[in-house]
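In what follows, residues are counted from 1 in the order of the sequence shown.
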Amino acid sequence: MDQDKLNNQSNYWEANFSKKPLMFGLIPSVAALSALKKFEEDNIKEIVELGAGLGRDTVFLAKNKINVEALDYSSTAIKIIEEKAKDNNLSKLISTKHFDIRNKLPYEDNSINGIFSHMLYCMALTNSDIKKLNDEILRILKPGGINIYTVRNTSDGDYKKGIPRGEDMYENDGFIINFFSEKKVNNLLKGFKNLSVINFEEGSFPRKLFLVQNKKV
């Protein structure tokens, strides 16, 4: 495993976000639609979005009266989210933080009601990084709090293609993805009760993903 290659992904995302500020479009993800439904069912009004990217889901959730603090390790992404919040008159509902989620999350224990992340877990993170992140999410969630995340799974067409980068990571077109089996999803349940794992597809390729909803016990 080449840790320098993994670390350099931040620069790669930074460059792509700068060149393609609409690379993911404006339509909210299937994951965000599902997350909104769950947050509304549980009367969760404030969430943290980890790895918010260019903010398409951030804006969607805020438009639906969810207070979102959006974290991303790309300063360009954060600036774009802030611009979208201003353009949509959502600055009161959207706050941002430039942050590398490989570090300790900047929240107190048992302080957050809901966490949402779309394809963050499957970025260029080692399995150790993922476990640490998941443990941090467990730490900051209130009892009964909800963590909703998505990952590309091992049925995806890019799995085992491209350049192997260690563990279940493969590089395609410059992007390093960590692919998830059901076993890997289940290995992240310490302290959580799984509510659902749903298979879905996204994009024209299409990407094949798991949508996971977990509740802190």
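Two residues are said to be in side-chain contact when any heavy atoms from C-beta on lie closer than 4.5 Å; Tyr73 and Ile101 fail this criterion. Side-chain contact check for Leu133 versus Leu50: some heavy-atom pair is nearer than 4.5 Å. In this structure the side chain of Leu209 reaches within 4.5 angstrom of the side chain of Met119, judged on heavy atoms.
Taking both residues in full, the closest heavy atoms of Gln213 and Ser34 are given as NE2-OG, 3.2 Å, listed atom of the first, atom of the second, then distance. Looking at every heavy atom in both residues, Leu138 comes nearest to Gly191 through CD1-O, 3.4 Å. Heavy atoms only, all atoms of each residue included: Ser155 and Lys208 are closest at O-CD, 3.5 Å. Among all heavy-atom pairs drawn from Gly51 and Asp72, the shortest one is C-OD2, 3.3 Å. Phe179 approaches Asn153 most closely through the heavy-atom pair CD2-O, 3.5 Å. Between Asp129 and Arg102 the shortest heavy-atom distance is OD2-CD, 4.0 Å.
Hydrophobic clustering (side-chain heavy atoms under 4.5 Å, transitive across Ile, Leu, Val, Met, Phe, Trp, Tyr) keeps Leu71 apart from Leu93. Following chains of ILVMFWY side-chain contacts shorter than 4.5 Å, one can reach Leu33 starting from Leu36, so the two form part of one hydrophobic cluster. Ile44 and Val217 end up in different hydrophobic clusters when Ile, Leu, Val, Met, Phe, Trp and Tyr side chains are linked at under 4.5 Å. No single ILVMFWY cluster, assembled from side-chain heavy atoms under 4.5 Å apart, contains both Ile112 and Ile94. The hydrophobic cluster containing Phe200 also contains Ile177, counting ILVMFWY residues as joined when their side-chain heavy atoms lie under 4.5 angstrom apart, directly or transitively.
Ring geometry, Tyr121 versus Tyr149: the interplanar angle falls under 30°, so the pair is classed parallel (tilted spans 30 to 60°).
With sequence neighbours excluded, the residues that form a side-chain contact (heavy atoms from CB on, under 4.5 Å) with Pro206 are Glu201. Scanning for side-chain contact (heavy atoms from CB on, under 4.5 Å) contacts around Ala52 gives Glu49, Thr58, Ala70, Ile81, with sequence neighbours left out. Contacts of Lys63 classified as side-chain contact (heavy atoms from CB on, under 4.5 Å), with partners at least two apart in sequence or in another chain: Val59, Asn88, Leu90. With sequence neighbours left out, the side-chain contact (heavy atoms from CB on, under 4.5 Å) criterion links Glu82 to Ile78, Thr96.
For NZ of Lys215, the number of neighbouring non-hydrogen atoms (other residues, nucleotides, ligands) closer than 6.0 Å is 12 at most.
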Is there a side chain to side chain contact (heavy atoms under 4.5 Å, CB included) between Phe116 and Phe39? Walk through the geometry before answering. CA-CA 10 Å; Phe116 172 70; Phe39 292 144; 4.3 Å; yes

Give the intermediate values and the outcome of side chain to side chain donor-acceptor pair (under 3.5 Å) for residues Asn194 and Asn214. CA-CA 4 Å; Asn194 176 248; Asn214 291 334; 2.9 Å; yes

Could you go step by step and tell me if Asn147 and Phe192 meet the side chain to side chain contact (heavy atoms under 4.5 Å, CB included) rule? CA-CA 9 Å; Asn147 180 34; Phe192 290 100; 4.2 Å; yes

Go through the steps for Lys38 and Ile148 under the test side chain to side chain contact (heavy atoms under 4.5 Å, CB included), then give the verdict. CA-CA 9 Å; Lys38 181 59 180 172; Ile148 299 175; 4.0 Å; yes

Criterion side chain to side chain contact (heavy atoms under 4.5 Å, CB included) on Leu188 and Phe180, from CA distance to verdict: CA-CA 11 Å; Leu188 296 174; Phe180 275 62; 3.9 Å; yes

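Side-chain contact annotation: His118 with Thr150, donor-acceptor N/O pair under 3.5 Å present. Side-chain atoms of Thr126 and Gln3 include no donor-acceptor pair closer than 3.5 Å.
If you take NZ on Lys86 and OG on Ser91, they are separated by 7.5 Å, rounding to the nearest 0.5 Å. Atom NZ in Lys45 sits 10.5 Å away from atom CG in Asn64 (nearest 0.5 Å). The distance from atom CG of Asp156 to atom OH of Tyr170, rounded to the nearest 0.5 Å, is 12.5 Å. Going from atom OG1 of Thr154 over to atom CZ of Arg152 covers 12.0 Å, rounded to the nearest 0.5 Å. The CD atom of Glu40 sits 6.0 Å away from atom CD1 of Ile66, with the distance rounded to the nearest 0.5 Å.
Checking each of Lys161, Lys5, Arg165 against Glu171 for a salt bridge (Lys or Arg N to Asp or Glu O under 4.0 Å) leaves exactly one that passes, namely Arg165. Of the candidates Asp135, Asn127, Asn134, Asp135 is the only one forming a side chain to side chain donor-acceptor pair (under 3.5 Å) with Lys131. A side chain to side chain contact (heavy atoms under 4.5 Å, CB included) with Leu141 is found for exactly one of Asn113, Asn110, Ile115, namely Ile115.
A donor-acceptor contact shorter than 3.5 Å is absent between the side chain of Asn178 and the backbone of Met169. Between the side chain of Lys84 and the main chain of Leu54, a donor-acceptor pair closer than 3.5 Å is present. Using a distance-only test at 3.5 Å, with no hydrogens or angles considered, a donor-acceptor pair links the side chain of Asp57 to the main chain of Ser29.
Legend: salt bridge (Lys or Arg N to Asp or Glu O under 4.0 Å) pairs involving residues 104-120, not counting sequence neighbours, sorted by first then second residue: Asp109-Arg139. Pairs of residues two or more places apart, or lying in two chains, that qualify as salt bridge (Lys or Arg N to Asp or Glu O under 4.0 Å) and include a residue from residues 181-198 are Asp168-Lys184.
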